[in-house]
Amino acid sequence: MSANDLETRIRASLRTRADDIPNVVPPYAAAGVLRPAPPVRHRRAWAAVAVLAAASVAAVLIVPRVGDGGGVRVVDSGPGGGVVELGADTGQAKDQVVYRGSWGSGPQQLGNMRAGMSDAHPEAIAPTPDGSQVFVADIANGRVARIDVKAGRVVQTYPDGSEGSMAVDPASGRVFVMRGTAVESFDPASGNNSFVTRRPADGEIHVLLSLVEPAAMGVYVATVGDPKIDRVSGQPRTLPGFPLGGAYMRTAVANGRMRVEKVDESGQVQGDLELRSTGGWKIGAVRAATVYRSRLRVYLVEYQGTLENPTVRSRVVDISPDLRVITVFTVPDFQGDWLATRVLVDDSLWALDGRADGFELHRVVLPVR
Amino acid sequence: MTTLGLVEGAVDEHLFEAVYRERYVGLVRLAYLLLSSRHEAEEVVQEAFAALHRRWASVDVPGAYVRTAVVNGCRSRQRRAAVERSTLYAADRDARGLGADELFDAIAGLPQRQRAVIVLRYYEDMSEAEIAAALGCRPGTVKSLSSRALAELRRVVEQ
């Protein structure tokens, strides 16, 4: 097939599919009056699940929004084990954006940058361990901004850092940017704006999380469908799972069930636990996971139905090193219009949801039992 | 006049509404090609127009601004929903019979940046430079993404 033939078929396919959307009058412009958007709620149903034991309803706190117009866009692990959140607004000039962040003492202006024509759309934030600098990845202008927090200004930008989550390696100071199919890093100290490490992953994968493990001083990433954890900083190595209780814990989801395995350094299985949902629900994915107070804490997504009309619910399960389910937390329906970020940090699940009028950040406290 | 439920500002409402009417359906179609979900596409477009309204005074070319905002909104949702989508895609594919258009299935299955490049190039007829500006990357990156995507699509078509 010639290149022209292929391009012709691609155009035809896209136009055919686009015709699924009828040529209608925009709904909010009827009668010459723009109206507020009707809320579109993808409500999630809740039901008891026998296999996963009794559920505990966690306390939910709504955290004040950051920023004037954009609201909170990003939430991630902050300095000192806390949580950092980030919003963005336009600045005084046409091509200026202002990043506003919050941790510890409250909201502050982190810095502004000449962003060009595009709107700000921060996708990831990574503070240095001492909190003196933060890195912000923005998909609208395709750059990572290095911000001096005290000075409140952008001190450097790096190209092609547009997507994914980020983490700063406390040992080397290198910044790691997780993309859909690769992990890249750059060294702010060198002043070199180019990415110097690329670790392409096999196939179509998505980075599930990044974490900085204090004892081992490194940045680790895990991917959907892969129970292993990759250390990407320092001497890269692959761990068989989350280090816990002198062994490693790993999870795998298949056929609507989740299997939790305890393995040794070589990956040899020492014990396992299978979790199932009932009532037509299936365990779909592990959305976030962490180790907290000697337990593996897993944020699960369960589902029924199809992608076009899904019913999705989420819960957090605490699992002990000896493979017992300690607690199942029912995570409330945040009723956001769309799912944004979920991160587990210390005793809390931080949930960032998109809404028609901005973003809303929730903190769900998951007490240790 | 109510304006998308947002803060009233120095917005030429007639001009804003004209842009809205002219671009709405096309942008929903664009977002639909990037997300494969009509209701999500409508939400992304609504968010983009809301952002345009907020920033009206600082935007030189509203049409280009709102298109870029839609593309970025789609990319953001794609990335964040990737986990759920990867889980549900197979079931949804079976339910909807997407096999009827294997080429579009293949486009929908591309990594998000490759998919965006293909849709912007062959549906929006944008140049490499325009796509690079919209995606916040270099034109060479667009060329590379396009090359990889076309190779994958060719493989599917010729299978």
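Given the structure is predicted, the values throughout are model-derived calculations rather than measurements. Just so we're on the same page: letters track the sequence lines, and every chain starts at 1. As a basis for the values below, the full set of heavy atoms in this structure was taken, side chains included, without hydrogen atoms, waters or symmetry mates.
- Using cut-offs of 30° and 60° on the angle between ring planes, the pair Y20(B) and Y24(B) is tilted.
- The candidate with the highest count of non-hydrogen atom pairs below 4.5 Å against chain B, out of K282(A), R11(A), R9(A), is R11(A).
- Partners of S127(B) under the side-chain contact (heavy atoms from CB on, under 4.5 Å) rule, at least two apart in sequence or in another chain, are A129(B), E130(B).
- The contact between A3(A) and chain B is made by backbone and side chain atoms together, counting heavy-atom distances below 4.5 Å.
- Interface residue I107(B): only side-chain heavy atoms are found under 4.5 Å from chain A.
- Proximity to chain A involves both the backbone and the side chain of I118(B), based on heavy atoms less than 4.5 angstrom apart.
- Contact of L52(B) with chain A is not made at all, since no heavy-atom distance falls under 4.5 Å.
- The side-chain contact (heavy atoms from CB on, under 4.5 Å) test applied to V156(B) returns A106(B), E152(B), not counting sequence neighbours.
- Residues F49(B) and L27(B) are in side-chain contact: their nearest non-hydrogen atoms beyond the backbone lie under 4.5 Å apart.
- Looking at V119(B), both its backbone and its side chain come within 4.5 Å of chain A, counting heavy atoms on both sides.
- Not a single donor-acceptor pair under 3.5 Å links the side chain of R121(B) to the backbone N or O of I131(B).
- Separating the CZ atom in R29(B) from the CG atom in L14(A) is a distance of 13.0 Å, to the nearest 0.5 Å.
- For I10(A), the parts sitting under 4.5 Å from any heavy atom of chain B are the backbone and the side chain alike.
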